[in-house]
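Shown next, in structure tokens, is the structure this report addresses.
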Protein chains: 2
Amino acid sequence: MGVKSFVEVHPDSHFPIENLPYGVFKPEPSSEPRPGVAIGEYVLDLSVISSAGLFDGPVLKGSDCFHQPNLNKFLEMGRPAWKEARTTTQKLLSCMVILKLAEFSTITEPALCNNASLRQKALVPMDKVQMLLPIAIGDYTDFFSSMHHAKNCGTIFRGPENPIPPNWFHLPIAYHGRASSIVISGTDIVRPRGQGYPSGGSAPYFGPSRKLDFELEMAAVVGPGNELGKPVDVNEAADHIFGLVLMNDWSARDIQAWEYVPLGPFLGKSFGTTLSPWIVTLDALEPFTCDAPKQVPPPLPYLAEKISKNYDISLEVRIKPAGQEHSFVVTRSNFNHLYWTITQQLAHHTVNGCNLRPGDLLGTGTISGPEPESYGCLLELTWNGEKQLPLAETSRKFLEDGDEVIFSGYSKGEGYNVGFGTCAGKILPSLP
Amino acid sequence: MGVKSFVEVHPDSHFPIENLPYGVFKPEPSSEPRPGVAIGEYVLDLSVISSAGLFDGPVLKGSDCFHQPNLNKFLEMGRPAWKEARTTTQKLLSCMVILKLAEFSTITEPALCNNASLRQKALVPMDKVQMLLPIAIGDYTDFFSSMHHAKNCGTIFRGPENPIPPNWFHLPIAYHGRASSIVISGTDIVRPRGQGYPSGGSAPYFGPSRKLDFELEMAAVVGPGNELGKPVDVNEAADHIFGLVLMNDWSARDIQAWEYVPLGPFLGKSFGTTLSPWIVTLDALEPFTCDAPKQVPPPLPYLAEKISKNYDISLEVRIKPAGQEHSFVVTRSNFNHLYWTITQQLAHHTVNGCNLRPGDLLGTGTISGPEPESYGCLLELTWNGEKQLPLAETSRKFLEDGDEVIFSGYSKGEGYNVGFGTCAGKILPSLP
Ligand SMILES: [Ca+2]
Ligand SMILES: [Ca+2]
Ligand SMILES: [Mg+2]
Ligand SMILES: [Mg+2]
Ligand code: NI
């Protein structure tokens, strides 16, 4: 695209003008939360831009969607609003060059660039702000869409014969997760207590989880949604997805293993789920689409897409042990390892008539690749604690108190990145 | 208690002055939703009572909790507010007798009884109002707490050897349900489409569910809730439960059977869940407590209650086939068949630090009794369609289009009932 922002953006930044992800922040501790867009090391305050009358397109003019404590109202407005906001913010943040944007052919907009007092008010240094959960999440669903993860978990929990259940290749398996305990990156996670699998004929273990794990996931943020009883067609599902975030689905494997038969994961997951603060839009990710894997057997008609897309997003997990200065990479994976696409996930979710609402969250499931170095959780990386994972001078079977787990992800363009920043959380010891 | 209301209440009514359940209603189609209390064949409009200054106790005076479109704010205020509201409404609705209430020793309050214009505004005939969902439900959890139901389902789905999984007697098993598709009694339910279990080596069936079922449940409505990371003690759990409703957890057994391994129920449930409109408070149910069943093995300390209470609530399910004038009873059960108490459910839910929020819903799971006539769903009543359930001149294996399913429930006092009214929904055919 070749547009440059007048805001200086380091070539390694996750947030150049090609990205412009959405979040919610407080400029000062006492401020009201408001939506913003990341640009380099700044946050563009959309409430200020809106109050200045600069959202003057046909869809957003007069809307109070950027004077809200979350993005739900903006999400509900759908792709026309999202496109217009992207065009407007790109125009405002670019400068001093003739440019051609998707929908307008025009010279650059000096309203922000040439107005020092507005710039001062609207561009807040990122290191000064507090990021908040960008959405009010009515329902959170977690899928199970990496074949490698399904195979590894099946082998560990149910043995090497037919580790992948027969339904897995016919439908994107999912379960309902807990919405209340979803927290923003940087929130500490208290090690959960619970019942663990009894050994032999003894009573179940009760106490702090001994097998605390992360799960490397991403999640789709739902836009307009659908009415109860009215499924979304798989070929229209992309219009219902605003963008993606990084997600750590913290998991207590000992609690999960004991409780999950027959109704699925519950307390092994519901103590906390961490999201990255910036929602990267599907529009920003469009240059990084790639073919989705060929599906055999072919999906049923309601899951058969005219164009089946995945995204090339490099993912990395690091652990920073307590007291250490540095963090260490424990796995590298990629969003494109998913077997079921996010549009198939969304269409499947609604095929029974279930309604999605703006701000609902659809987790992908743990994103494991085929190689052992690309597995997306410690359960797989240490094969349920059978082996140690080296971590600088120490090692891990599962997470220890004080460990900080840091996810990052980005797509590499020519001379720029479209990145997600980080999704981080530190383990605090259980209550006594 | 011997208090009578000046509002005439038929002896068979579910809503005498001993009950006073809470709901949310619109007096006219164009009105704003507001909280109300059921009394006989009337609804007492709490927004009117509040505006008249009659909530003048120390907790509720000046609060806008009854000028809200749902009960969440009132629920968040906790038991002191609930007690005060009960005392005030009982006093206002009683008349012409000297009475002794729990906390006041006083003569009756003539403010409503003797004020014709206020009575006219505040008491709305129930058959004129539209009832709405009384709570905004952040998260909905469904337990699995009837041993008879667990045993029957296990036998049907996994065979007669060890039908109850080994974890069942150690913890109240549960899964997260879908909050968005919870609807109020009277809302039609569209038969879901989905994938059903393939027979033999064939591809999975896709189409309208062939095994649509109801599940007879009740659900607890959460009050103040708890902070993330801070579990609720089982002996304090009752202070976090406002009351109970009837709940129909509609279930598509063919979809459920195919999808539920290994992550639990998803689309087999998420197309709709129906609630009764009136929340009956634990205070109103207090005269109907009974001993909870003896638990063997004894529960772990975090689930061991000083006093373990159940409630004697008679439950009944009727089906009214399309075009028929009458409905026919298909099962009779009782809330006291539950093995795990609602306070144990709540304590277990939070033991890992999971936070509950005001208005969260905890379903009991299907309430089946020991006798075949007390099974709580068609799956059990027809043994997964192996036998027909007689229904007047016809019969059922599963629900047919046009069937209306009507739950009712009440506790029988001396000369009065504390009732839940009905929880009803009619099946519409699938979309073409
Ligand atoms: Ca997961
Ligand atoms: Ca159920
Ligand atoms: Mg989680
Ligand atoms: Mg349901
Ligand atoms: Ni260094």
Side-chain angles (χ1 to χ4, degrees), chain A residues 138-139 141-142 144 153-154 157-158 165-167 170-171 173-181 183 190 192-195 198 203-204 206 209 228-231 252 255 258-268 270-272 297 300-302 348-349 351-357 360 428 431, chain B residues 138-139 141-142 144 153-154 157-158 165-167 170-171 173-181 183 190 192-195 198 203-204 206 209 228-231 252 255 258-268 270-272 297 300-302 348-349 351-357 360 428 431:
Chain A
D139 278 288
T141 302
D142 201 16
F144 187 52
C153 292
F157 283 129
R158 290 177 296 277
N167 53 7
H170 293 277
L171 52 84
I173 290 180
Y175 66 99
H176 305 293
R178 180 80 193 175
S180 70
S181 55
V183 298
V190 177
R193 296 183 307 158
Q195 295 190 30
F206 180 81
S209 171
L228 188 59
K230 306 259 173 79
I255 298 173
W258 175 231
E259 75 179 354
Y260 90 106
V261 174
L263 299 182
F266 184 52
L267 299 189
S270 64
F271 57 92
L300 280 164
Y302 82 93
H348 180 66
H349 204 317
V351 72
N352 69 340
C354 180
N355 55 328
L356 302 177
R357 295 177 293 189
D360 282 354
L428 299 188
L431 302 175
Chain B
D139 279 287
T141 302
D142 200 17
F144 187 51
C153 291
F157 283 130
R158 290 177 295 279
N167 55 7
H170 293 277
L171 52 85
I173 290 181
Y175 67 100
H176 305 293
R178 179 81 193 174
S180 70
S181 54
V183 298
V190 177
R193 296 182 308 157
Q195 295 190 31
F206 180 81
S209 171
L228 187 59
K230 307 258 173 75
I255 298 173
W258 174 231
E259 76 178 354
Y260 91 106
V261 173
L263 299 182
F266 183 53
L267 300 189
S270 64
F271 57 92
L300 280 163
Y302 81 94
H348 180 67
H349 204 318
V351 73
N352 70 341
C354 180
N355 55 327
L356 302 177
R357 295 178 293 189
D360 282 353
L428 299 188
L431 301 176

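Sequence lines set the chain letters: A, B, ... in the order given, protein chains first and strands last, and positions in each chain run from 1. Quick caveat, the model's predicted, so the values are computed rather than measured.
- Heavy atoms of A:Ile255 lying under 4.5 Å from chain B are absent altogether.
- One distance of note links CG of B:Leu171 with CH2 of A:Trp258; it measures 6.5 Å at 0.5 Å rounding.
- Here B:Leu356 is the residue among B:Val190, B:Leu356, B:Asp142 with the most heavy-atom pairs under 4.5 Å with chain A.
- Under the 4.5 Å side-chain criterion, counting only non-hydrogen atoms from C-beta, A:Phe206 is not in contact with B:Pro301.
- Using a 4.5 Å cut-off on side-chain heavy atoms (C-beta onward), B:Phe271 and A:Leu228 make no contact.
- Top candidate by heavy-atom pairs under 4.5 Å with chain A, chosen from B:Asn355, B:Leu300, B:Asp360, is B:Asn355.
- Atoms CG and OG, on A:Asp139 and B:Ser181 in that order, are 7.5 Å from each other to the nearest 0.5 Å.
- With chain B as partner, the option from A:Val183, A:Val351, A:Val261, A:Asn167 having the largest number of non-hydrogen pairs under 4.5 angstrom is A:Asn167.
- The choice from B:Pro192, B:Gly268, B:Pro297 that makes the most heavy-atom pairs within less than 4.5 Å of chain A is B:Pro192.
- Using modelled atom types and a 3.5 Å distance limit, the side chains of A:Glu259 and B:Tyr175 yield no donor-acceptor pair.
- Annotation: side chain of B:Pro262 is in contact with side chain of A:Ile173 (closest heavy-atom distance under 4.5 Å).
- To the nearest 0.5 Å, atom CZ of residue B:Arg178 and atom CG of residue A:Asn352 are 9.5 Å apart.
- Within the 4.5 angstrom heavy-atom criterion, only side-chain atoms of A:Thr141, from C-beta onward, approach chain B.
- Residue with the most contacts toward chain A among B:Pro198, B:Ala179, B:Ser209, B:Ala203: B:Ala179 (heavy-atom pairs, distance under 4.5 Å).
- With chain B as partner, the option from A:Ala174, A:Gly154, A:Ala252 having the largest number of non-hydrogen pairs under 4.5 angstrom is A:Ala174.
- For the pair A:Pro231 and B:Arg193, the minimum side-chain heavy-atom distance is below 4.5 Å.
- For B:Leu428, no part lies near chain A; criterion is any non-hydrogen pair under 4.5 Å.
- Contacts of A:Pro265 with chain B are made by both backbone and side-chain atoms, with heavy-atom separations under 4.5 Å.
- In this structure, B:His349 and A:Phe266 have perpendicular ring planes: the angle between them is above 60°, well past the 30° mark.
- Most heavy-atom pairs under 4.5 Å with chain B, from the set A:Lys230, A:Arg357, A:Gln195: that is A:Gln195.
- Residue contact with chain B, scored on non-hydrogen atoms closer than 4.5 Å, involves the side chain of A:Leu431 exclusively.
- For A:Tyr302, the part lying under 4.5 angstrom from a heavy atom of chain B is the side chain only.
- Ranked by heavy-atom pairs under 4.5 Å with chain A, the first of B:Ser180, B:Gly138, B:Gly353 is B:Ser180.
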